[in-house]
Amino acid sequence: METHTQFPQDPDGAGGDARDRSPEDQAVRGPGPSDLVQLIDPDGHRREDALYDLFVADLGLDDLLGLYEDMVVSRRIDTEATALQRQGEIGLWPPLLGQEAAQVGSARVLRRDDFVFTSYREQAVAYCRGVELDQLMAMWRGTALSGWDPFAVGMATPAVIIGAQTLHATGYAMGCQRDSSDAVAVAYFGDGATSQGDVNEALVLAASFRAPVVFVCQNNQYAISEPVGLQAQRPIAERAPGFGVPSMRVDGNDVLAVTAAMRIAVDRARSGGGPTFIEAVTYRMGPHTTSDDPTRYRDEAEVASWRAKDPIVRVERLLDAAGVLDESARARVARVADDAAARVRAGCLALQAPDPLSVFDEVYATPHPVLERQRDEYRSYLESFDGADGMGGVR
Amino acid sequence: METHTQFPQDPDGAGGDARDRSPEDQAVRGPGPSDLVQLIDPDGHRREDALYDLFVADLGLDDLLGLYEDMVVSRRIDTEATALQRQGEIGLWPPLLGQEAAQVGSARVLRRDDFVFTSYREQAVAYCRGVELDQLMAMWRGTALSGWDPFAVGMATPAVIIGAQTLHATGYAMGCQRDSSDAVAVAYFGDGATSQGDVNEALVLAASFRAPVVFVCQNNQYAISEPVGLQAQRPIAERAPGFGVPSMRVDGNDVLAVTAAMRIAVDRARSGGGPTFIEAVTYRMGPHTTSDDPTRYRDEAEVASWRAKDPIVRVERLLDAAGVLDESARARVARVADDAAARVRAGCLALQAPDPLSVFDEVYATPHPVLERQRDEYRSYLESFDGADGMGGVR
Amino acid sequence: MTTLTLSKAINTGLHHALADDDRVLLLGEDIGRLGGVFRVTDGLQAEFGADRVIDMPLAESAIIGAAVGLAFRGFRPVCEIQFDGFIYPGFDQIVAQLAKLHYRTRGAVRMPVTIRVPYGGGIGAVEHHSESPEAYFAHTAGLRVVTCSDPQDAHTMIRQAIACDDPVLFFEPKRRYWTKGEVLEDLPTDPLAFTHARTVRSGRDATLVAYGPLVQTALDAAVAAADEGVDLEVIDLRSLAPIDVDAVVASVEKTGRLVVAHEAQRSGGIGAELAATITERCFDVLEEAPVRVTGFDTPYPASALEDHFLPDLDRILDGVDRAMGRRSSMPSSTGRAEARTAATTGEEGRR
Amino acid sequence: MTTLTLSKAINTGLHHALADDDRVLLLGEDIGRLGGVFRVTDGLQAEFGADRVIDMPLAESAIIGAAVGLAFRGFRPVCEIQFDGFIYPGFDQIVAQLAKLHYRTRGAVRMPVTIRVPYGGGIGAVEHHSESPEAYFAHTAGLRVVTCSDPQDAHTMIRQAIACDDPVLFFEPKRRYWTKGEVLEDLPTDPLAFTHARTVRSGRDATLVAYGPLVQTALDAAVAAADEGVDLEVIDLRSLAPIDVDAVVASVEKTGRLVVAHEAQRSGGIGAELAATITERCFDVLEEAPVRVTGFDTPYPASALEDHFLPDLDRILDGVDRAMGRRSSMPSSTGRAEARTAATTGEEGRR
Ligand SMILES: Cc1ncc(C[n+]2csc(CCOP(=O)(O)OP(=O)(O)O)c2C)c(N)n1
Ligand SMILES: Cc1ncc(C[n+]2csc(CCOP(=O)(O)OP(=O)(O)O)c2C)c(N)n1
Ligand SMILES: [Mg+2]
Ligand SMILES: [Mg+2]
């Protein structure tokens with residue numbers, strides 16, 4: 001009965017359509033057929049798009065090489081973290097494998113004073129924002145609930161409750177307006193998240209206040225086991241215009257297309273144009289998390305078809321063809337990746353369980369007698385063991 | 001900074017556009033410019049719409065007279081209830097004044113075995129469903145939390161939490177599917193409700209399961225004091241298609257246009273076509289409730305402009321011009337309305353405070369010792385007064 | 001010193017907060033031109049502009065979620081929830097985000113967000129307009145929960161709540177909005193003064209704890225009890241999380257007896273926590289078990305029944321009797337009602 | 001009689017419920033092909049079809065709201081919330097609709113909806129995956145709240161919950177999902193059997209009340225206490241709303257002492273309600289104040305700290321000491337830890 005008509009979410013062969021589109025303000029589209037923008041195809045060929053090309057015209061091969069490096073490093077971080085999970089050093093890891101272009105292409109557009117609110121899979125965004133790699137691991141190793149100081153990097157720690165962060169980003173953007181700042185807020189979330197009330201409320205709110213917020217939906221085709229067709233009967237990018245939020249639909253495995261779309265959106269936000277919604281059509285190549293078994297719900301054939309659209313390989317091909325990816329460039333990228341992996345591993349292993357009594361720390365910013373009494377009681381309790389065998393470890 | 005660009009929500013002069021639209025399945029539109037369907041204009045002239053006319057072709061002047069009567073009666077009920085509030089007989093009343101066509105035109109399309117989930121202002125819907133008029137008053141007089149048995153009339157009691165009922169309707173519709181029934185569910189809600197997460201989740205859910213549910217949004221331009229422009233930057237009907245729910249935008253003060261749209265939607269639902277969204281563009285002529293003071297937030301000029309589009313007057317003019325509204329017809333309608341008003345008043349005044357101990361009744365369907373103990377204690381407590389002065393009133 | 005209604009005392013408190021700190025913003029439904037359905041924000045948008053007194057779309061989760069984002073940006077948002085029963089769509093943002101962000105980030109992110117909630121019954125309203133949801137929030141680590149009972153506290157406490165660097169649920173006893181009282185617009189020097197319980201009447205025989213709307217009822221009960229020779233100490237809790245346990249302990253050590261009254265449902269209410277804690281701390285001095293006088297474990301009923309649901313003067317006196325070891329509500333006892341009724345204030349007496 | 005894990009016992013219970021009554025439907029995220037993240041619904045969609053075992057969009061409010069609508073249509077929906085911490089987006093539909101509809105309509109509309117919630121900590125998870133939100137629902141009139149502690153109860157209680165005409169929050173102790181036990185697939189004749197507390201160990205000296213994940217810990221503590229000469233009676237509460245007060249009263253009348261243990265935050269938890277109620281009912285027989293051994297009033301901490309947050313065998317024994325009038329956790333007392341550690345089961349002993 002409830003067949004979820006799966007509309008074509010496949011990026012192939014869609015890139016050219018955008019060409020006959022008109023001027024700059026056509027980039028963000030009102031309601032209408034959602035063609036998918038692609039600037040680099042899976043074979044590494046540059047495809048022209050009269051409109052989107054305008055927004056990446058200043059980017060040379062060197063810049064592309066930089067994005068390539070970020071993607072390679074991100075993947076390497078991901079692989080290392082997955083290995084650490086298999087070795088029992090962290091409890092869980094949500095691989096971003098396959099989503100490097102969507103994350104790097106968007107995050108690299110931002111300024112330091114922009115602010116990013118993400119979900120739990122945006123490790124490449126965190127890397128681009130400058131999160132220290134040991135701090136990246138703390139949440140997954142369980143030595144802390146979250147790893148870094150958001151204000152140090154302009155990025156909130158991950159929101160695990162699906163969709164909640166989209167409202168935070170919108171609120172933050174309303175704050176930027178009130179500060180007459182041209183900083184923007186960005187909300188990252190998944191295809192599954194679009195079903196949550198909060199995400200839709202964020203669209204209402206952002207539209208009502210023309211808030212300088214960019215919604216970046218990584219449609220990786222799955223919410224754990226549920227295919228996107230269960231969450232959305234239309235391409236996700238078609239949702240936002242009905243709220244008054246213009247949207248774009250881009251090949252999320254194409255770092256250049258993502259960059260172009262993000263620049264359009266960020267420029268609009270900075271210049272008072274209000275919110276924009278970007279659907280980056282990508283694929284979660286790995287399991288939902290290291291605890292997941294995707295063979296229960298999807299075919300190897302499907303995975304293979306997406307493997308052919310790998311976001312890194314296509315850039316590699318392009319750079320190779322352009323003669324930019326010589327031995328020394330490869331070696332340098334490999335060195336940066338190796339170094340990042342080493343920092344992930346060493347940083348992770350160095351993370352220690354905090355002091356037992358720190359369980360009571362920072363619940364409140366101001367004194368709280370009931371909690372302080374609980375802390376005192378627990379300290380006494382732990383000390384009651386010290387005489388016996390030194391357990392408790394209270395400093 | 002946050003100017004809420006108020007798009008034109010005014011129905012005048014919009015009716016003709018629908019004419020050049022193509023066949024039947026064009027009635028429910030995908031994303032696109034939202035023209036507003038009108039079949040009877042404020043002057044009582046019948047305006048042609050090649051498409052929508054198809055769905056009301058079988059309705060003669062007699063039928064229109066019936067709808068007219070329902071609207072007049074609904075308004076009379078409303079006026080009487082408002083008077084009862086002014087006289088202190090009920091605590092609160094949310095007038096439907098101005099929304100008679102939106103409610104009667106949609107509700108009269110339904111079958112007995114369809115099921116309706118509304119908010120608190122749908123007194124004309126309740127009347128059409130056959131709710132007893134004393135039962136209509138119980139909630140507002142405070143003698144009960146709600147007035148009627150939903151299964152007796154195929155209508156849930158009002159949902160006061162904005163938007164919650166849209167999910168109930170969708171769930172009910174999923175139940176109809178599972179029963180292989182062609183009954184449909186209908187959710188009524190306001191323009192303000194469209195900002196709530198629940199309403200958007202209902203659209204997701206209904207689309208995913210092609211549930212036989214009709215969403216009827218009465219856009220009466222206000223959520224208490226907030227103009228619709230704060231909730232929606234685009235005509236509300238444009239929202240649903242992005243979810244995969246086709247929508248229509250009709251003059252909500254035109255009972256025939258509402259009827260046509262509702263028939264299209266209900267037919268789609270019955271025949272497995274899935275959900276439809278109807279925006280009925282109307283106006284709340286009165287205050288939000290009898291406690292509200294609308295002069296704080298809107299001009300008399302605006303109210304006057306809408307008074308010229310009264311949903312009853314235009315039908316009266318049409319029927320008059322057609323010679324149908326003769327003395328006897330007028331007298332009959334007046335009698336029905338008088339009778340309804342009398343039943344409202346007498347029924348309301350007859351409603352008594354329930355037995356004190358009934359405060360404990362029907363919290364659960366099955367025994368609950370903790371609550372039973374509380375009841376016993378309270379009974380004893382009340383009885384402790386009886387010896388003194390007979391207070392307590394326990395039977 | 002001016003005489004103000006409780007709602008106006010909050011209004012002037014908000015005015016001060018907006019004037020003193022331009023990071024303070026108000027967010028809510030209908031708080032702008034309308035001034036809120038209870039007029040608590042009356043005139044504030046006209047004075048401080050629509051950028052600071054912000055009418056929000058009809059979505060409570062969005063109101064709280066936006067406040068969280070604004071706090072990230074260094075603002076001090078004050079959210080209005082229109083009525084108690086409408087807070088639940090925002091529950092997730094409150095308990096999973098607002099309450100936890102400071103702990104989650106080990107203090108890096110502060111959430112100085114105030115959520116104003118008109119609450120409680122007794123106004124003859126329809127469903128969802130008379131609830132007392134405070135215990136949900138008091139059970140949520142990371143939140144502070146306070147409530148005021150008179151105009152002076154209303155004024156002072158809202159300003160202190162807004163100044164507090166923690167998220168504060170500020171419950172306003174809506175049936176007392178029209179209560180008048182003298183208001184001094186000076187702030188105490190202790191920034192946490194709003195979390196200290198207040199002894200509103202001294203007494204020897206039993207400790208009667210109340211908060212919000214029932215403080216006045218408790219005071220009325222104390223007058224009636226005095227006529228019967230029972231000298232009640234009445235404590236206005238003010239802060240429900242954390243509870244000022246030391247203050248109640250000190251009183252119970254004197255009186256040996258405790259009665260706690262609230263409108264919310266009994267099971268798992270503030271009374272349960274207070275009774276359990278005071279029993280832990282004062283077991284040896286307690287003459288009787290602490291007594292709870294509360295709403296029943298039913299949904300808030302239709303308004304025609306609300307006088308039965310709500311603890312009133314008589315039910316509080318009945319609770320006092322039980323705390324004194326005289327169990328008047330048991331079937332055997334009779335005849336004390338008349339004397340009592342004479343002592344009531346009319347408003348509070350059972351009809 | 002077969003040996004099943006607790007999760008499989010629920011799975012077979014759901015299987016029976018689906019097979020016995022075609023109005024039973026399952027709704028949730030990833031419950032179909034995946035069989036749920038804990039595999040509790042494994043194989044059920046394959047057997048009963050996607051119309052009855054329904055993968056829902058990622059929206060908890062929609063899951064509960066749809067269940068309400070389905071109940072209107074005469075179905076008996078069983079919702080799965082994937083983890084405890086994800087129930088809050090559905091909170092409004094639970095407390096304002098599901099809980100109140102029967103009362104609102106004076107019994108005309110029944111809401112036989114079960115909400116399954118894997119809950120509690122001890123599995124080393126990230127934030128929002130280890131919470132114990134039961135007290136929020138126990139404070140909500142109109143709901144029943146139950147939790148199971150072993151495979152037999154898991155099997156029986158889920159079937160009874162589904163058969164119950166009231167809405168039931170069914171909390172599943174996720175860290176016990178892999179506990180094995182014998183399961184008899186017969187149903188008790190009393191339809192409310194699942195609301196009765198169960199004495200899992202008889203004893204004379206003190207009553208130790210636990211539920212869900214801590215029942216096993218309580219039993220381990222009873223073994224350790226016995227070695228120290230303290231004979232504990234252990235009660236598995238099973239139903240948290242209503243609490244089977246009579247059962248606890250009967251025990252405390254025998255022992256004169258009460259310890260209650262739960263993972264949830266202390267303030268306003270089930271322990272507060274139980275302590276307050278038992279004090280009311282048993283004041284004269286109580287030798288000491290009831291003792292609560294609970295999670296602290298902090299958010300659930302990072303997993304590296306969870307062993308400190310969670311009550312374990314040692315903390316329960318410490319609570320027993322306090323209930324026995326020996327206050328071991330006060331700074332002055334020392335040296336009993338060693339004996340205790342020897343008695344623990346390893347899993348439960350503090351590392
Ligand atoms: C409110 C809430 N419900 C359920 C979950 C459990 N959950 C974690 S991830 C996930 C799927 C999210 O899918 P999507 O938004 O597409 O993001 P992706 O994992 O694909 O990056 C679910 C259901 C959650 N974290 N929060
Ligand atoms: C969740 C929730 N929030 C707030 C309210 C208070 N409230 C009652 S009616 C209303 C406005 C509703 O506007 P709309 O949906 O347009 O319906 P209308 O009153 O115009 O019929 C508001 C904010 C509520 N009932 N429920
Ligand atoms: Mg996804
Ligand atoms: Mg409206």
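Everything numeric here is computed off the predicted structure, so don't read it as measured data. A, B, ... follow the sequence lines: proteins, then strands. Residue 1 opens every chain.
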Student: For the interface with chain C, which of L286(D), I243(D), V291(D) has the highest count of heavy-atom pairs at distances below 4.5 Å?
Tutor: L286(D)
Student: Identify the two heavy atoms, one from V209(C) and one from V248(C), that lie closest to each other, and give their separation to 0.1 Å.
Tutor: CG2-CG1, 4.1 Å
Student: Taking only residues two or more places apart in sequence, or in another chain, which ones meet Q93(C) in a side chain to side chain donor-acceptor pair (under 3.5 Å)?
Tutor: H168(A), D198(A)
Student: Highest number of heavy-atom pairs under 4.5 Å with chain D: which of G90(C), G142(C), A96(C)?
Tutor: A96(C)
Student: Do NZ/NE/NH1/NH2 and the carboxylate oxygens of R110(D) and D166(D) come within less than 4.0 Å?
Tutor: no
Student: Against chain D, work out which of A141(C), A99(C), C282(C) has the most heavy-atom pairs shorter than 4.5 Å and name it.
Tutor: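 Between A141(C), A99(C), C282(C), the count favours A141(C).
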Student: Looking at E273(D) and R266(C), is there a salt bridge between them, counting it only when a charged N and a carboxylate O are closer than 4.0 Å?
Tutor: no
Student: Locate the shortest heavy-atom distance separating T279(D) from A275(D); write the atom from each residue and the value.
Tutor: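 In this case the closest contact between T279(D) and A275(D) is OG1-O, 2.6 Å.
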Student: Is chain C contacted by the side chain of E287(D), its backbone, both, or neither, given a heavy-atom distance below 4.5 Å?
Tutor: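 The backbone, not the side chain.
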Student: Please determine, among P290(D), P242(D), P89(D), the option with the most heavy-atom pairs under 4.5 Å with chain C.
Tutor: P89(D)
Student: Could you tell me which portion of Y136(C) (side chain, backbone, both or neither) has an atom closer than 4.5 angstrom to a non-hydrogen atom of chain D?
Tutor: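 Both backbone and side chain.
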Student: Of all the residues in residues 79-87 of chain C, which have a heavy atom that comes within less than 4.5 Å of a heavy atom in chain D?
Tutor: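 Residues qualifying by a heavy atom under 4.5 Å from chain D are absent, so none.
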Student: Atom CG in L310(D), atom CG in L214(D): separation rounded to 0.5 Å?
Tutor: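 Atom-to-atom, L310(D):CG and L214(D):CG are 7.5 Å apart.
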Student: Counting distance only, does the side-chain N/O of R292(D) pair as donor-acceptor with the main-chain N or O of I270(D) below 3.5 Å?
Tutor: no
Student: A206(D) and M324(D): which non-hydrogen atoms are nearest, and at how many Å?
Tutor: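 Here A206(D) and M324(D) meet closest at CB-SD, 3.9 Å.
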Student: Kindly write out the residues that satisfy side chain to side chain donor-acceptor pair (under 3.5 Å) with Y119(C), not counting sequence neighbours, or none if the list is empty.
Tutor: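 Partners of Y119(C) under the side chain to side chain donor-acceptor pair (under 3.5 Å) test: T147(C).
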Student: Between S61(C) and chain D, with a heavy-atom cut-off of 4.5 Å, which part of the residue counts as in contact: side chain, backbone, both or neither?
Tutor: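 The answer is neither part of S61(C).
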Student: Can you say whether L274(D) sits under 4.5 Å from chain C via the side chain, the backbone, both, or neither, judging by heavy atoms?
Tutor: neither
Student: Checking T195(C) against S239(C) for the side-chain hydrogen bond (donor to acceptor under 3.5 Å, both in side chains) test, could you report, in this order, the C-alpha distance in whole Å, the side-chain angles of both residues, the deciding distance, and whether it holds?
Tutor: CA-CA 5 Å; T195(C) 69; S239(C) 173; 5.3 Å; no
Student: Look at the side chain of R257(C) and the backbone N and O of A289(C), then say whether any donor-acceptor pair between them is shorter than 3.5 Å.
Tutor: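 Not confirmed, R257(C) side chain does not pair with A289(C) backbone.
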Student: Decide side-chain hydrogen bond (donor to acceptor under 3.5 Å, both in side chains) for E60(D) and Y88(D); before the verdict, give the C-alpha distance in whole Å, the side-chain angles of both, and the deciding distance to 0.1 Å.
Tutor: CA-CA 8 Å; E60(D) 285 73 13; Y88(D) 308 118; over 6 Å; no
Student: Select, from S267(C), G269(C), A276(C), the one with the greatest count of heavy-atom pairs under 4.5 Å involving chain D.
Tutor: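 Looking at each of S267(C), G269(C), A276(C) in turn, S267(C) comes out on top.
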Student: Quick check on the structure: residues of residues 293-306 of chain C within a heavy-atom distance below 4.5 Å of chain D, by number.
Tutor: D297(C), T298(C), P299(C), Y300(C), P301(C)
Student: To the nearest 0.5 Å, tell me how far I235(C) CD1 sits from D244(C) CG.
Tutor: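 Answer rounded to 0.5 Å: 8.5 Å.
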Student: Check whether A138(D) gets within reach of chain C through its side chain, its backbone, both or neither, counting any heavy atom under 4.5 Å.
Tutor: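 The backbone, not the side chain.
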Student: Does any heavy atom of chain D fall under 4.5 Å from the side chain of E127(C), the backbone, both, or neither of them?
Tutor: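 Contact with chain D is through the side chain of E127(C) alone.
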Student: Can you tell me if R281(D) uses its side chain to pair, donor with acceptor, with the backbone of V249(D) under 3.5 Å?
Tutor: no
Student: Using side chain to side chain contact (heavy atoms under 4.5 Å, CB included), reason through V146(C) and L240(C) one step at a time and then give a plain yes or no.
Tutor: CA-CA 6 Å; V146(C) 303; L240(C) 312 179; over 6 Å; no
